[in-house]
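Everything on this sheet refers to the single structure shown next.
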Amino acid sequence: MAPPDRPPIEFRDIPFQGIIEQSLAGVYLVFDERFQYVNATFAEMFGYTRDEFVGTSIRDLVLPDFVGEAMEYYRLRVQEGVPSIRYFTHCKHRDGHTVHIEVHGARVDYHGQPALAGVVIDVSERVRRDQDLQRSRRRLRELASYLNSSREELRGQLAREVHDVLGGMLSSIKLDVFRIQRRVSDPALAEIREITEDLLPLIQDTIDTARQISDELRPRMLDTLGLVAAMRSELEAFGRRNEIVVGFTVEGGEPALSMETATECFRVFQEALTNIGRHADAATVEVCVHNRDGRFEMQVRDDGKGIDRSSMREGSIGMLSMAERARTIGGSLYVNARAGGGTVVLLAVPGYMGRRSNDRTADR
Ligand SMILES: Nc1ncnc2c1ncn2[C@@H]1O[C@H](COP(=O)(O)OP(=O)(O)O)[C@@H](O)[C@H]1O
Ligand SMILES: [Mg+2]
(Lines give C-alpha, C1' and ligand atoms only; values in the text may rest on other atoms or scores of the structure.)
(Ligands and ions follow the chains in the order given, each with its own letter.)
Protein backbone atom coordinates (compact mmCIF):
# COMPACT_ATOMS: atom_id res chain seq x y z
CA MET A 1 0.00 0.00 0.00
CA ALA A 2 1.34 3.47 -0.89
CA PRO A 3 1.79 5.75 2.11
CA PRO A 4 -1.12 8.24 2.21
CA ASP A 5 1.10 11.31 1.81
CA ARG A 6 2.60 10.17 -1.53
CA PRO A 7 0.71 9.92 -4.85
CA PRO A 8 0.20 6.31 -6.14
CA ILE A 9 3.00 5.15 -8.45
CA GLU A 10 2.25 5.44 -12.17
CA PHE A 11 3.16 2.69 -14.62
CA ARG A 12 5.38 5.11 -16.57
CA ASP A 13 7.39 5.82 -13.40
CA ILE A 14 8.60 2.21 -13.10
CA PRO A 15 12.24 1.97 -14.25
CA PHE A 16 11.65 -0.93 -16.64
CA GLN A 17 14.92 -0.50 -18.46
CA GLY A 18 16.95 -0.98 -15.27
CA ILE A 19 14.85 -3.97 -14.26
CA ILE A 20 15.27 -5.63 -17.65
CA GLU A 21 19.01 -4.99 -17.84
CA GLN A 22 19.49 -6.62 -14.43
CA SER A 23 17.02 -9.43 -14.94
CA LEU A 24 18.27 -12.93 -14.19
CA ALA A 25 16.07 -14.16 -17.05
CA GLY A 26 17.07 -13.47 -20.63
CA VAL A 27 14.91 -10.81 -22.28
CA TYR A 28 14.65 -10.30 -26.04
CA LEU A 29 12.87 -8.44 -28.82
CA VAL A 30 12.76 -9.99 -32.29
CA PHE A 31 11.69 -8.17 -35.42
CA ASP A 32 11.88 -9.66 -38.89
CA GLU A 33 13.34 -12.89 -37.45
CA ARG A 34 16.36 -11.02 -35.99
CA PHE A 35 17.16 -10.04 -32.43
CA GLN A 36 16.84 -6.25 -32.16
CA TYR A 37 17.39 -6.15 -28.43
CA VAL A 38 18.67 -8.63 -25.86
CA ASN A 39 19.73 -8.08 -22.27
CA ALA A 40 23.14 -9.16 -20.99
CA THR A 41 21.76 -12.36 -19.41
CA PHE A 42 20.33 -13.45 -22.77
CA ALA A 43 23.55 -12.81 -24.70
CA GLU A 44 25.71 -14.49 -22.05
CA MET A 45 23.52 -17.58 -22.07
CA PHE A 46 24.92 -18.26 -25.55
CA GLY A 47 28.47 -16.94 -24.92
CA TYR A 48 28.17 -13.47 -26.51
CA THR A 49 28.06 -9.83 -25.44
CA ARG A 50 24.91 -7.87 -26.16
CA ASP A 51 26.52 -5.93 -29.00
CA GLU A 52 27.79 -9.09 -30.64
CA PHE A 53 24.41 -10.71 -30.39
CA VAL A 54 22.11 -8.02 -31.79
CA GLY A 55 21.30 -8.72 -35.44
CA THR A 56 21.55 -12.53 -35.06
CA SER A 57 18.69 -14.50 -36.69
CA ILE A 58 16.57 -17.02 -34.78
CA ARG A 59 17.59 -19.48 -37.49
CA ASP A 60 21.27 -19.15 -36.51
CA LEU A 61 20.62 -19.63 -32.80
CA VAL A 62 18.27 -22.62 -32.70
CA LEU A 63 19.66 -26.10 -33.54
CA PRO A 64 18.79 -27.16 -37.12
CA ASP A 65 16.32 -29.88 -36.04
CA PHE A 66 14.26 -27.36 -34.09
CA VAL A 67 14.39 -24.34 -36.41
CA GLY A 68 11.18 -25.37 -38.18
CA GLU A 69 9.23 -25.52 -34.93
CA ALA A 70 10.70 -22.23 -33.63
CA MET A 71 9.86 -20.45 -36.90
CA GLU A 72 6.33 -21.83 -36.81
CA TYR A 73 5.83 -20.47 -33.29
CA TYR A 74 7.29 -17.14 -34.44
CA ARG A 75 4.91 -17.01 -37.41
CA LEU A 76 1.88 -17.93 -35.29
CA ARG A 77 2.47 -14.97 -33.00
CA VAL A 78 3.62 -12.36 -35.49
CA GLN A 79 1.38 -13.24 -38.44
CA GLU A 80 -1.56 -15.17 -37.00
CA GLY A 81 -1.99 -13.05 -33.91
CA VAL A 82 -1.68 -15.89 -31.39
CA PRO A 83 -0.98 -13.72 -28.32
CA SER A 84 1.68 -15.70 -26.45
CA ILE A 85 3.31 -19.13 -26.55
CA ARG A 86 5.52 -20.95 -24.07
CA TYR A 87 7.76 -23.78 -25.25
CA PHE A 88 11.10 -25.56 -24.88
CA THR A 89 13.79 -25.53 -27.50
CA HIS A 90 17.48 -26.25 -28.00
CA CYS A 91 20.14 -23.74 -29.12
CA LYS A 92 23.84 -23.58 -29.94
CA HIS A 93 26.29 -21.94 -27.54
CA ARG A 94 29.20 -20.07 -29.10
CA ASP A 95 31.57 -22.87 -27.94
CA GLY A 96 29.40 -25.54 -29.58
CA HIS A 97 27.54 -27.09 -26.64
CA THR A 98 23.75 -27.21 -26.53
CA VAL A 99 21.78 -24.77 -24.42
CA HIS A 100 18.27 -25.97 -23.52
CA ILE A 101 15.90 -23.08 -22.98
CA GLU A 102 12.33 -22.39 -22.01
CA VAL A 103 10.87 -19.51 -24.02
CA HIS A 104 7.88 -17.41 -23.20
CA GLY A 105 7.19 -14.81 -25.90
CA ALA A 106 4.34 -12.55 -26.90
CA ARG A 107 3.47 -10.40 -29.88
CA VAL A 108 4.25 -6.70 -29.37
CA ASP A 109 4.06 -3.57 -31.46
CA TYR A 110 7.48 -2.33 -32.71
CA HIS A 111 7.40 0.99 -34.63
CA GLY A 112 3.90 0.13 -35.80
CA GLN A 113 4.87 -3.39 -36.93
CA PRO A 114 4.25 -6.74 -35.22
CA ALA A 115 7.30 -8.10 -33.38
CA LEU A 116 8.03 -10.60 -30.66
CA ALA A 117 9.25 -9.93 -27.12
CA GLY A 118 9.69 -12.24 -24.19
CA VAL A 119 11.81 -13.99 -21.64
CA VAL A 120 14.03 -17.04 -21.80
CA ILE A 121 15.43 -19.18 -19.03
CA ASP A 122 18.29 -21.64 -19.29
CA VAL A 123 16.95 -25.07 -18.29
CA SER A 124 20.06 -27.04 -19.36
CA GLU A 125 20.87 -28.13 -15.82
CA ARG A 126 17.35 -29.49 -15.34
CA VAL A 127 17.39 -31.24 -18.73
CA ARG A 128 20.76 -32.83 -17.93
CA ARG A 129 19.50 -33.98 -14.54
CA ASP A 130 16.39 -35.47 -16.17
CA GLN A 131 18.54 -37.23 -18.75
CA ASP A 132 20.84 -38.58 -16.00
CA LEU A 133 17.85 -39.79 -14.03
CA GLN A 134 16.36 -41.50 -17.06
CA ARG A 135 19.70 -43.08 -17.91
CA SER A 136 20.14 -44.47 -14.40
CA ARG A 137 16.54 -45.73 -14.34
CA ARG A 138 17.15 -47.49 -17.64
CA ARG A 139 20.36 -49.03 -16.31
CA LEU A 140 18.62 -50.19 -13.15
CA ARG A 141 15.94 -51.84 -15.25
CA GLU A 142 18.60 -53.50 -17.38
CA LEU A 143 20.33 -54.71 -14.24
CA ALA A 144 17.08 -56.09 -12.78
CA SER A 145 16.34 -57.88 -16.02
CA TYR A 146 19.89 -59.25 -16.23
CA LEU A 147 19.69 -60.49 -12.63
CA ASN A 148 16.37 -62.18 -13.33
CA SER A 149 17.60 -63.91 -16.44
CA SER A 150 20.91 -65.03 -14.95
CA ARG A 151 19.07 -66.33 -11.90
CA GLU A 152 16.72 -68.29 -14.16
CA GLU A 153 19.65 -69.69 -16.10
CA LEU A 154 21.39 -70.81 -12.92
CA ARG A 155 18.21 -72.35 -11.53
CA GLY A 156 17.69 -74.21 -14.80
CA GLN A 157 21.25 -75.56 -14.71
CA LEU A 158 20.94 -76.66 -11.10
CA ALA A 159 17.56 -78.25 -11.76
CA ARG A 160 19.01 -80.29 -14.63
CA GLU A 161 22.06 -81.33 -12.57
CA VAL A 162 19.91 -82.44 -9.65
CA HIS A 163 17.42 -84.21 -11.87
CA ASP A 164 19.70 -85.84 -14.37
CA VAL A 165 22.97 -86.43 -12.51
CA LEU A 166 21.89 -86.88 -8.91
CA GLY A 167 18.61 -88.56 -9.95
CA GLY A 168 20.53 -90.90 -12.28
CA MET A 169 23.02 -91.87 -9.60
CA LEU A 170 20.28 -92.55 -7.06
CA SER A 171 18.46 -94.79 -9.54
CA SER A 172 21.64 -96.82 -10.09
CA ILE A 173 22.05 -97.22 -6.32
CA LYS A 174 18.45 -98.39 -6.11
CA LEU A 175 19.00 -101.02 -8.82
CA ASP A 176 22.15 -102.25 -7.10
CA VAL A 177 20.33 -102.63 -3.78
CA PHE A 178 17.63 -104.61 -5.63
CA ARG A 179 20.33 -106.89 -7.02
CA ILE A 180 21.79 -107.43 -3.55
CA GLN A 181 18.32 -108.18 -2.22
CA ARG A 182 17.74 -110.83 -4.89
CA ARG A 183 21.01 -112.57 -3.99
CA VAL A 184 20.37 -112.82 -0.27
CA SER A 185 17.50 -115.31 -0.11
CA ASP A 186 19.75 -117.60 1.99
CA PRO A 187 18.35 -117.50 5.62
CA ALA A 188 21.94 -117.15 6.86
CA LEU A 189 22.00 -113.70 5.22
CA ALA A 190 18.67 -112.51 6.73
CA GLU A 191 20.36 -109.58 8.39
CA ILE A 192 21.64 -108.20 5.08
CA ARG A 193 18.21 -108.70 3.58
CA GLU A 194 16.71 -106.61 6.38
CA ILE A 195 19.19 -103.82 5.73
CA THR A 196 18.32 -103.74 2.04
CA GLU A 197 14.62 -103.70 2.88
CA ASP A 198 15.15 -100.62 5.04
CA LEU A 199 17.40 -99.08 2.45
CA LEU A 200 15.00 -99.25 -0.51
CA PRO A 201 12.27 -96.88 0.79
CA LEU A 202 14.99 -94.51 1.99
CA ILE A 203 16.50 -94.41 -1.50
CA GLN A 204 13.05 -93.89 -3.01
CA ASP A 205 12.44 -90.95 -0.63
CA THR A 206 15.78 -89.46 -1.64
CA ILE A 207 14.88 -89.82 -5.33
CA ASP A 208 11.53 -88.11 -4.69
CA THR A 209 13.21 -85.31 -2.73
CA ALA A 210 15.76 -84.73 -5.49
CA ARG A 211 12.92 -84.58 -8.04
CA GLN A 212 11.06 -82.11 -5.85
CA ILE A 213 14.12 -79.87 -5.40
CA SER A 214 14.72 -79.95 -9.14
CA ASP A 215 11.10 -79.03 -9.79
CA GLU A 216 11.19 -76.18 -7.32
CA LEU A 217 14.28 -74.81 -9.01
CA ARG A 218 12.66 -75.06 -12.40
CA PRO A 219 9.39 -76.87 -13.09
CA ARG A 220 10.04 -79.41 -15.82
CA MET A 221 6.43 -79.12 -16.82
CA LEU A 222 7.12 -75.59 -18.00
CA ASP A 223 9.57 -76.99 -20.53
CA THR A 224 7.64 -80.11 -21.46
CA LEU A 225 3.92 -79.27 -21.29
CA GLY A 226 3.97 -75.47 -21.30
CA LEU A 227 2.92 -72.57 -19.11
CA VAL A 228 -0.77 -73.33 -18.62
CA ALA A 229 -0.14 -76.93 -17.58
CA ALA A 230 2.63 -75.83 -15.18
CA MET A 231 0.32 -73.17 -13.71
CA ARG A 232 -2.46 -75.67 -13.19
CA SER A 233 -0.17 -78.11 -11.40
CA GLU A 234 1.35 -75.32 -9.26
CA LEU A 235 -2.12 -74.05 -8.31
CA GLU A 236 -3.34 -77.51 -7.31
CA ALA A 237 -0.29 -78.09 -5.10
CA PHE A 238 -0.79 -74.62 -3.60
CA GLY A 239 -4.45 -75.39 -2.82
CA ARG A 240 -3.53 -78.66 -1.10
CA ARG A 241 -0.71 -77.12 0.92
CA ASN A 242 -2.73 -74.11 2.11
CA GLU A 243 -6.16 -75.77 2.27
CA ILE A 244 -7.57 -73.18 -0.10
CA VAL A 245 -10.24 -73.97 -2.70
CA VAL A 246 -8.80 -73.28 -6.14
CA GLY A 247 -10.40 -72.79 -9.56
CA PHE A 248 -8.67 -72.67 -12.92
CA THR A 249 -10.22 -71.55 -16.21
CA VAL A 250 -8.50 -71.41 -19.55
CA GLU A 251 -9.72 -69.59 -22.63
CA GLY A 252 -7.85 -70.13 -25.85
CA GLY A 253 -5.54 -73.02 -24.87
CA GLU A 254 -1.79 -73.16 -24.40
CA PRO A 255 -0.15 -69.95 -25.71
CA ALA A 256 2.87 -70.20 -28.01
CA LEU A 257 5.12 -68.18 -25.71
CA SER A 258 8.89 -67.98 -25.89
CA MET A 259 10.68 -69.79 -23.08
CA GLU A 260 11.71 -66.46 -21.54
CA THR A 261 8.15 -65.10 -21.59
CA ALA A 262 6.66 -68.31 -20.20
CA THR A 263 9.22 -68.38 -17.38
CA GLU A 264 8.57 -64.74 -16.40
CA CYS A 265 4.79 -65.32 -16.44
CA PHE A 266 5.23 -68.41 -14.29
CA ARG A 267 7.40 -66.56 -11.75
CA VAL A 268 4.82 -63.74 -11.53
CA PHE A 269 2.15 -66.39 -10.96
CA GLN A 270 4.24 -68.08 -8.23
CA GLU A 271 4.77 -64.78 -6.41
CA ALA A 272 1.04 -63.96 -6.62
CA LEU A 273 0.28 -67.35 -5.03
CA THR A 274 3.01 -66.96 -2.39
CA ASN A 275 1.51 -63.60 -1.44
CA ILE A 276 -1.95 -65.11 -1.10
CA GLY A 277 -0.58 -67.87 1.11
CA ARG A 278 1.39 -65.39 3.18
CA HIS A 279 -0.85 -62.34 3.46
CA ALA A 280 -4.38 -62.79 2.14
CA ASP A 281 -6.07 -65.18 4.58
CA ALA A 282 -8.22 -66.31 1.65
CA ALA A 283 -10.67 -69.21 1.35
CA THR A 284 -10.64 -69.43 -2.46
CA VAL A 285 -8.39 -68.51 -5.35
CA GLU A 286 -9.64 -68.20 -8.92
CA VAL A 287 -7.17 -68.18 -11.78
CA CYS A 288 -8.20 -67.25 -15.33
CA VAL A 289 -5.90 -67.57 -18.27
CA HIS A 290 -6.91 -65.89 -21.46
CA ASN A 291 -5.05 -66.39 -24.71
CA ARG A 292 -6.36 -64.87 -27.91
CA ASP A 293 -4.97 -63.09 -30.99
CA GLY A 294 -1.44 -63.04 -29.64
CA ARG A 295 -2.50 -61.45 -26.33
CA PHE A 296 -1.94 -63.42 -23.17
CA GLU A 297 -3.64 -62.52 -19.89
CA MET A 298 -3.48 -64.10 -16.50
CA GLN A 299 -5.74 -63.11 -13.64
CA VAL A 300 -5.32 -64.32 -10.05
CA ARG A 301 -8.17 -63.40 -7.72
CA ASP A 302 -8.43 -64.17 -4.04
CA ASP A 303 -11.23 -63.49 -1.56
CA GLY A 304 -8.94 -62.59 1.33
CA LYS A 305 -8.56 -59.43 3.32
CA GLY A 306 -7.55 -57.30 0.34
CA ILE A 307 -4.41 -55.41 -0.41
CA ASP A 308 -3.41 -52.39 1.60
CA ARG A 309 -1.82 -49.78 -0.67
CA SER A 310 0.33 -48.26 2.09
CA SER A 311 1.95 -51.60 2.94
CA MET A 312 2.67 -52.10 -0.76
CA ARG A 313 4.72 -48.92 -0.98
CA GLU A 314 7.16 -49.54 1.86
CA GLY A 315 9.36 -52.49 0.98
CA SER A 316 7.49 -54.31 -1.73
CA ILE A 317 10.31 -56.28 -3.31
CA GLY A 318 7.90 -59.01 -4.44
CA MET A 319 5.63 -56.49 -6.14
CA LEU A 320 8.58 -54.68 -7.68
CA SER A 321 9.99 -57.90 -9.02
CA MET A 322 6.60 -58.91 -10.52
CA ALA A 323 6.29 -55.53 -12.23
CA GLU A 324 9.87 -55.73 -13.50
CA ARG A 325 9.34 -59.23 -14.89
CA ALA A 326 6.19 -58.01 -16.65
CA ARG A 327 8.11 -55.09 -18.15
CA THR A 328 10.95 -57.36 -19.33
CA ILE A 329 8.54 -59.29 -21.53
CA GLY A 330 6.73 -56.18 -22.77
CA GLY A 331 3.71 -56.74 -20.54
CA SER A 332 1.98 -54.88 -17.72
CA LEU A 333 1.04 -55.82 -14.20
CA TYR A 334 -1.95 -54.52 -12.25
CA VAL A 335 -2.53 -55.27 -8.57
CA ASN A 336 -5.74 -54.04 -7.01
CA ALA A 337 -8.11 -54.55 -4.14
CA ARG A 338 -11.42 -56.06 -5.34
CA ALA A 339 -14.68 -54.26 -4.72
CA GLY A 340 -16.18 -57.15 -2.72
CA GLY A 341 -12.96 -57.86 -0.75
CA GLY A 342 -9.82 -59.69 -1.78
CA THR A 343 -7.10 -58.89 -4.27
CA VAL A 344 -6.68 -59.27 -8.00
CA VAL A 345 -3.37 -59.56 -9.82
CA LEU A 346 -3.53 -59.16 -13.58
CA LEU A 347 -0.65 -59.78 -15.95
CA ALA A 348 -1.21 -58.80 -19.58
CA VAL A 349 1.27 -59.60 -22.34
CA PRO A 350 0.06 -58.12 -25.62
CA GLY A 351 1.49 -59.04 -29.00
CA TYR A 352 3.79 -61.82 -27.75
CA MET A 353 3.55 -63.47 -31.17
CA GLY A 354 5.84 -60.80 -32.59
CA ARG A 355 8.62 -61.81 -30.21
CA ARG A 356 8.71 -65.49 -31.09
CA SER A 357 12.03 -64.98 -32.88
CA ASN A 358 13.64 -64.88 -29.39
CA ASP A 359 12.26 -68.29 -28.63
CA ARG A 360 14.91 -70.11 -26.64
CA THR A 361 13.17 -73.47 -26.93
CA ALA A 362 14.66 -73.73 -30.39
CA ASP A 363 18.15 -73.75 -28.84
CA ARG A 364 17.45 -76.64 -26.52
N1 LIG B 1 -3.02 -61.23 -2.07
C2 LIG B 1 -2.76 -60.33 -1.11
N3 LIG B 1 -3.66 -60.05 -0.14
C4 LIG B 1 -3.39 -59.15 0.84
N5 LIG B 1 -2.26 -58.45 0.91
C6 LIG B 1 -1.31 -58.66 -0.01
C7 LIG B 1 -1.50 -59.59 -1.07
N8 LIG B 1 -0.40 -59.57 -1.85
C9 LIG B 1 0.44 -58.67 -1.31
N10 LIG B 1 -0.10 -58.10 -0.21
C11 LIG B 1 0.49 -57.03 0.61
O12 LIG B 1 1.46 -56.36 -0.15
C13 LIG B 1 2.71 -56.36 0.52
C14 LIG B 1 3.85 -56.41 -0.46
O15 LIG B 1 3.95 -57.67 -1.09
P16 LIG B 1 5.39 -58.17 -1.57
O17 LIG B 1 6.02 -57.05 -2.34
O18 LIG B 1 5.22 -59.44 -2.29
O19 LIG B 1 6.22 -58.31 -0.23
P20 LIG B 1 6.28 -59.51 0.82
O21 LIG B 1 5.44 -60.63 0.29
O22 LIG B 1 7.71 -59.85 0.90
O23 LIG B 1 5.75 -58.92 2.10
C24 LIG B 1 2.64 -57.52 1.46
O25 LIG B 1 3.48 -57.34 2.57
C26 LIG B 1 1.17 -57.54 1.86
O27 LIG B 1 0.93 -56.63 2.88
MG1 LIG C 1 5.68 -61.44 -1.62
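Every number for a ligand or one of its atoms is a count from 1 in the order of the listing. Just so it is clear, the structure is predicted and the values come from calculations on it, not from any experiment. Position 1 is the first residue of the sequence, and the numbers go up from there.
The closest side-chain donor-acceptor pair between T206 and T209, if any, does not fall under 3.5 angstrom. For the residue pair R183/Q181, the side-chain donor-acceptor check at 3.5 Å is not satisfied. For the residue pair R137/Q134, the side-chain donor-acceptor check at 3.5 Å is not satisfied.
With respect to D132, the salt bridge (Lys or Arg N to Asp or Glu O under 4.0 Å) criterion is satisfied by exactly one of R128, R135, R129: R135.
Within ligand 1, counting atoms from 1 as listed, the ones closer than 4.0 Å to a heavy atom of I307 are 5 (N), 6 (C), 7 (C), 8 (N), 9 (C), 10 (N), 11 (C), 12 (O). Those atoms of ligand 1 with a heavy atom of G306 less than 4.0 angstrom away are 4 (C), 5 (N). Close contacts of ligand 1 with M319, meaning ligand atoms under 4.0 Å from a residue heavy atom, involve 8 (N), 9 (C), 12 (O), 15 (O), 16 (P), 17 (O), 18 (O).
Considering backbone and side-chain atoms alike, D308 places every N or O at 3.5 Å or more from each N or O of ligand 1. On a distance-only criterion, R278 and ligand 1 share at least one N/O pair closer than 3.5 Å. Note: an N/O pair closer than 3.5 Å links G318 and ligand 1 by distance alone.
D208 is not listed as a side-chain neighbour of Q212, based on a closest heavy-atom distance of 4.5 Å or more. Here the side chains of F248 and V228 are in contact, with some heavy-atom distance below 4.5 Å. Under the 4.5 Å side-chain criterion, counting only non-hydrogen atoms from C-beta, L61 is not in contact with K92.
Taking backbone and side-chain atoms together, N275 has an N/O/S atom less than 2.8 Å away from the Mg ion (ligand 2).
Considering each of D303, N275, V285, the one bringing a non-hydrogen atom nearest atom 8 (N) of ligand 1 is N275. The residue among H279, K305, M322 with a heavy atom at the shortest distance from atom 24 (C) of ligand 1 is H279.
Within the 4.0 Å heavy-atom shell around ligand 1 one finds E271.
Under 4.0 angstrom from ligand 1, there are no non-hydrogen atoms of L320.
Using bins of under 30°, 30° to 60° and over 60° for the plane-to-plane angle, the ring pair F53/Y48 lands in the perpendicular bin.
Nearest to the Mg ion (ligand 2), among the N, O or S atoms that E271 has, is OE2.
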